[in-house]
Structures are given as structure tokens and as C-alpha cells.
Amino acid sequence: MKRLNKTAISLVVGCMGFAASAVWSADSLQDVLKERGLSQQDLLAAAKTYVPTGKRDEFVAFSSGGQSGQVIVYAIPSMRILKYIGVFTPEPWQGYGFDESSKKVLAGGKIDGKDITWGDTHHPAISETNGEYDGQFLFINDKANPRIAVIDLRDFETKQIIVNPIFKSEHGGTFVTTNTEYVIEAAQYAAPLENKKFYPLEEFNEKYRGGITYWKFDRKEGRIDTAKSFSLELPPYSQDLSDAGKGVSEGWSFTNSFCSERYVGGIEKGRPPYEAGCSAKDTDYMHVINWKKAAELVAAGKAKKINGHDVLMMETAIKEGVLFLIPEPKSPHGVDVTPDGKNIIVAGKLDTHVSVYSFEKIQAAIKAGKFESKDPYGIPVIAMKDAVATQVSLGLGPLHTQYDSKPCIAYTSLYVDSQVAKWNYCEGKVLDKLSVHYNIGHLMTMEGDSTKPAGKYLVALNKLAIDRFVPVGPLHPQNHQLIDISGDKMQLLYDMPLPLGEPHYVVAIDAKKLKPAVRYKVGTDSRTDKPHAGATKAGEERIVKKGNKVEVFGTLIRSHITPETIEVEVGDEVTINLTNLERAQDETHGFTVSTFNVHASVEPGKTVAVKFKADKEGVYPYYCTEFCSALHLEMQGYLLVKPKGWKPTKTTLAAQNYTEADYKATLKKVADTQVIIDSVVAYITSVNYKDFPEVVAMVEDAFDQLGKTKDIKAKHEAAFAKKDWENANLWAEQVWQYQVKTADLGLRAKTFLEQNGAKKVK
Ligand code: K7E
Ligand code: CUA
């Protein structure tokens, strides 16, 4: 921040007309401000968010993509979008849902045997170690079709989707326990827990249930272990958000509810709607759960199997003292445990107050057996006065709370007021309010739900954008607003339109904690993290035909696909395995075959398979879909689907007319290019390039490319000896192609070294 502030100050000083150095004269800056109608405040905000080319952001945010079923990755403070991660929904660019391995991941999300190709994602969560973000995994839920996904942050790919075996919808997920032992998922709309079981709404109180699932996360495998996961049966109160205890409250979890009235609306039956009946009472219930003890009870065999899944029934949970309720005012939404785990902050949507619950008081009441009543299911209810430390009136429609790096400081979103309230939960004091645009839902501070919030910035996730952006039709973009929270007063910095919605929650991590890979180990199946059965080494490309099954073992490297012709018979089942042999950073190749609805994104080292039935005779070009090199367009081939029993009548390809002069001209081009390569190599080896791992990788890759010219040189010389000008010329051209790739890499390495202060070595 210090650095940014300094930049900002010098810019402001510059625009005030003092002598300014360098390229931007005071006049021109002044002109720009005037021309664009910008204030000094705007300029300061711009300076705090602008990240110049080549520089990187400080935090990385993972936003729910709402109904898109994806995750949106963006950077803070620039708010530049970095990636969309396909999660519950196919994502064509990444081949997600168009290649075999990713189809399997998506198939994990099938419900009752049917594909569900959208998701209502709400709450992403980053894996934690000792309550701090560790940057290894990301989890996210699907509210509509109760599912959870696991994303590995080594490659930002979705690895697993699992379906909740007993819920029909959910909301209070995903939230992780302190060491990511469990991923919490709470139900939303009550329904019978048994699958495909009908009970009439008249039996709502008896047969409909809510619940919470604790998904066991196996960190070593990087997957949820469904067999070791369990749920807790809960009353048919609409369970809402959850949070895991930390510090003193570790081992416990907290889940809100609304509509604890258990109201069943029905305008068509003359009954007032849900919204009336579900907000009639002054309070709903917070569920307080000792998950550690619940897990022990399940391990001791005290759970009941429902749909093959361990469920700890309410009766057992009550008897064993793992489940309690506390009233909370009125239609609560967010429940957020403070970084030290001592307090739980709850906001009631229809109440101006936030309530600060004390974990210590809750424990004292439980120990003393001090309960004010029992709910209709026999769950002990702790009196609010025995659990609440303080209540603070913040404004209309308080929803969610996040924490600052400064002790006792919290930020709460005020939906109705369209404001963010900054307040002190230890002293119960409001400190500042800032208007946002408009109707804020969640808000998020950097690592703000961990035990070590990083402060600095806050993002307001506004439900409405209304007038903020150039109109794009009745469906507006979402508006994420960046707010500077480093000072006493909050400062609005930036409006980011998000074109994918509706995002509910977002989490942001210090960028330095993320350690994503730049390439895969050659032959990796990225969706299983294991070697791919179709992995192929250079020179071992082949086409294997067994009956009507054709399997291609191919490779990709700039700028060709091997094989370049695939011949099958109509009706054959075709599997094309492709391994990207590149080692250079960002040398991704894409792959598709015309009209067969397959696509693969093959990053360096990855192996991907696409599969389809060649059910129509014809000629289908295939090609690389990523602009990977100068000869990218030539990275092509033909799938020939022949009629059964077809015999060729013509056996030679159309001839070209190359001459000796063509061959000589190509040789000259080769020699000239070699001069460039030699000079680049001379530069690189004259400096300490070995101190730059990025350059070492590029140099290795460059020599790989150049190494291939040896055999090919032998081929053009052999053709030359036979006066076969066509082959002599074409093989010489191929030598040149490898040289071009070598030179390209070499020049990139040279530029990198020059820009990063490489030093001469003797
Ligand atoms: Cu939209 Cu957390 Cu699902 Cu609140 S939730 S706003
Ligand atoms: Cu490979 Cu384009």
C-alpha cells in the first residue's frame, strides 16, 4: 500500500501543476483529467488500482459464477479477470465436458442418472491449514442440485463433483473446518431425506427434514472421501449459511435457519405466501453443533444409513449432546465466526441489529445444562440472553460480515440501505458507512473469513448494478465494487462489471500463496493427476485398429499434429489420444474434429482423449484451435471416414513442380536463420541465464526443436542426391520450420534476460 500511495501522491502532485518529470507532463495529465471529467479523488482511486503491464496483482479472488456453474478468477486491486473455471457446467475453451476425462468429472454430478449441465454456485472456500488459507484447493457448492466440487489450485481444474445423497437443495456450503478435515454443506429447503420418496406437504413437520453434511476431505488424494463423510439430521427449518468454529471454537460449527415457523405457503389453496408465513416469528434458530463429537459417534456406529450414507439422527444427536439451538433475530442470513473464534456474528435480514454471540457463554450454558426450552423435536434451546455478548444497530437489511486485519473491526453488508458498515464488535460501535451500488449481498475482505484476515481491500458484491454501466439490455452485469479499507474511512476505488452471474460469494487469497504449475509431467491425465493411458512419446505415434474400434496415439508440437491423416470406416468408434510434447510455458494446443462436438485443451505435458462415433461417411478436417505459432493454421489434418469396403483408384497425391533452384533458395534461408540463432545463443550464453529458471526451460525447449533438424537434414540431403527436388525442398523447409521455432524461443529468452537484469559472465 505504501508504494501505491506514494505513486498516487506523486500523480496528484503532478496534476496540481507542480513540476512533473518524465514522460507525463503536468499539462497533459491536467488535460486528460479535464477532458475526461475526472476528479483528484478519481485519480487517487485509479492509482491505487492500476497495475501496469508486466506487474502483478497482490491478491487473487475466486468468485462464485452463480447460475453459470463456473468459478470466476480475478485479481485485486486491478479487478482484471484471469480465468473462468468450468465446474458444474461444460467450458469449451478448456475442453471441459468435451474430452473424455473431464466428461467423467462432470458425470460425477449426474443425478438419478441424468446430466445436469448447470449449477447455482454460491459459496467458494479455499482450503485452510490452522485456519489460514493454504492455497491448495478450492471448493464450491451448487444450491439447486445439491452438489459440491473440488478444484485443485495447482492447475485450477475441477477434479471432483459429488452429489449430496440426502438433500434436494442446499445452501450453507462450502465452508471448511480449521484444517480442512471437513467441507460443510447445509441443506436449504426441507424435503424427505430418502430419495424418490413422496410425502404430502401436510406431513411437513413429521416427514420433511433439513440437515448438514460434513464431507471428509482427503488432502493427500485431493478428493472428498464420500465413504468417510456423514450428515446430521435436522428439523425442517430452512438451514441457511454456516461457518466452522476456529481457535477456541474449533470442533464446532454454526448454521443459521429461516422459516423455523415450518410454514407451508400455498396461494392456490388460499393460504398466504411463504414470505408472510416464514417471517411471522421474531426469531429463528442458530444450530450449534459439536462436529468433532458427531464424527466420533458416527465412527462408533451410531449413525443410520439413509441412501447408503451415514446420517446421525436428531434423537441420537440430542441424547449425546452434540446439537443445540439458540434463537436469532429475524430471518437471519449470514453467520460469521470472528478470526479468534470467540464470537459468532449473525445478521437478521429484517432487523437493524447484528447480534454478537459469545462462544464462551454458549459453552457455559451447555455445561450448566441451562436451556430455556426445547424445540418441537426435543433439541435444547439456549436463551438468547445467555448467549449474546452484544447487539449493535447497523442499518437496514444486514446480511453478511467479514473481518479486518485490525482487531475487533468488522464490515457488514446492509442490503436495504445499499451500504457497507464498518464497526467494532468488541465495543459495539459503528465507525463508518459507505454507499455501494446497489443492494449489496455478500462482501469480502482479503482472507477475511480466515484466522488471519489480511485487511487492505474489501469487495462489495452488489445484487443490482442499475445505472453504473453502459446499458446492455434488461439483464444487467453484476457489479463488484472494490473498496480501500486501509484507512479510517472506507474509499470506493473501482466498479467491475461481471458478465457472468449471479455471483454470491467470493474469497481472495494473497497471490504469493498460490503455486500453480506451468506444465504437467509429460503424459498426465489432468483430471485424475495420474499417467494417462493414452500418453504417447515422440516417435511412438500410431493408429491401432481392433474390430470397429480405432484408437489414435498422437502428439502435438509446434506446428503439427501427428498423425496428420486418420482413416476409418463409417461406423467406427474413434478415440484420439493427444499428448502435448511442449515444455515451453503457455504453449497450449487445442484440438477439434469438424462436426463431431469434441474439443480438447492440451497444455504442455498433458494427455487428453476425445472420443466419438464416426457415424457418417465424409472428409472432416481436424486442427489445432489455439494460435500457438506462426504456422498454427497449418497445424491440421484430415479424418477420412470411408464407406465400408472402399478401395482406392488413384494412389499418388497431386504433384508439385519444385526445382533445384527452389531447394537452393530454401538452403539459403536456412543458413541465414542459423546466423540469427547463433547470435542469440551467443548472447544467452554470455550472461547468467542459468539463474533464470524460466529461461532455462525456454533454452531447453529451443534446443529440443533444433535437435530435430538433424534427422531431417539427412532426409533432404538424401533426396538431393536422388535429384528428388520436391522432397529435398520440403524437408529443407521443415528444417527451417524448426529453426523458426528455435529462434522464436531464443528471442523470447533474450528479451526476458534483458528486461530482468541478466549479468555478463566471463
Ligand atoms: Cu446470496 Cu451467501 Cu447464497 Cu447471501 S447468499 S446474499
Ligand atoms: Cu497448435 Cu495452434
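Every number for a ligand or one of its atoms is a count from 1 in the order of the listing. From a predicted model like this one, the values you see are computed outputs, not experimental measurements.
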A.B. asks: Just going by heavy-atom distances, which of Lys143, His442, His333 is nearest to atom 4 (Cu) of ligand 1?
C.D. replies: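 Heavy atom nearest to atom 4 (Cu) of ligand 1 belongs to His333.
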A.B. asks: Start with the C-alpha gap between His333 and Asp240, add the side-chain angles, then the distance that decides, and say whether side-chain hydrogen bond (donor to acceptor under 3.5 Å, both in side chains) holds.
C.D. replies: CA-CA 7 Å; His333 192 36; Asp240 200 35; 2.6 Å; yes
A.B. asks: After noting the C-alpha distance and the side-chain angles of Phe254 and Tyr357, does the key distance pass the ring-ring contact (aromatic ring centres under 6.0 Å, His included) rule?
C.D. replies: CA-CA 11 Å; Phe254 312 92; Tyr357 289 80; 9.2 Å; no
A.B. asks: Hey, what's the ring geometry for Tyr237 with Tyr285, parallel, tilted or perpendicular (30° and 60° as the breaks)?
C.D. replies: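 Ring orientation of Tyr237 relative to Tyr285: tilted.
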A.B. asks: What atoms in ligand 1 come closer than 4.0 Å to a heavy atom of Leu241?
C.D. replies: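 Atoms satisfying the 4.0 Å criterion: 2 (Cu).
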A.B. asks: Looking at His123, which atoms of ligand 1 are within less than 4.0 Å of one of its heavy atoms?
C.D. replies: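 Counting from 1, the qualifying ligand atoms are 2 (Cu), 3 (Cu), 5 (S).
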A.B. asks: Is any side-chain heavy atom of Thr579 closer than 4.5 Å to a side-chain heavy atom of His532?
C.D. replies: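 A side-chain contact under 4.5 Å is absent here.
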A.B. asks: Is atom 1 (Cu) of ligand 2 less than 2.8 Å from an N/O/S atom of His589, whether that atom is in the backbone or a side chain?
C.D. replies: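 His589 does place an N, O or S atom closer than 2.8 Å to atom 1 (Cu) of ligand 2.
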A.B. asks: Please determine whether Met635 has a backbone or side-chain N, O or S atom lying under 2.8 Å from atom 1 (Cu) of ligand 2.
C.D. replies: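 Yes.
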A.B. asks: Nearest to atom 3 (Cu) of ligand 1, which N, O or S atom of His122 do we find?
C.D. replies: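 Among the N, O or S atoms of His122, the one closest to atom 3 (Cu) of ligand 1 is ND1.
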A.B. asks: For Lys463, take its heavy atoms, then give the atoms of ligand 1 lying under 4.0 Å from any of them.
C.D. replies: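 So the answer, numbered in order with elements, is 1 (Cu), 6 (S).
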A.B. asks: Out of curiosity, His353 NE2 to Thr412 OG1, how far, rounded to the nearest 0.5 Å?
C.D. replies: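 Separation between the atoms: 13.0 Å.
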A.B. asks: Of all the N, O or S atoms in His504, which has the shortest distance to atom 1 (Cu) of ligand 1?
C.D. replies: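 Restricting His504 to its N, O and S atoms, the minimum distance to atom 1 (Cu) of ligand 1 goes to ND1.
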A.B. asks: I want to know whether Phe596 and Tyr622 have ring centres closer than 6.0 Å.
C.D. replies: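 Aromatic pair excluded; centres sit 6.0 Å or further apart.
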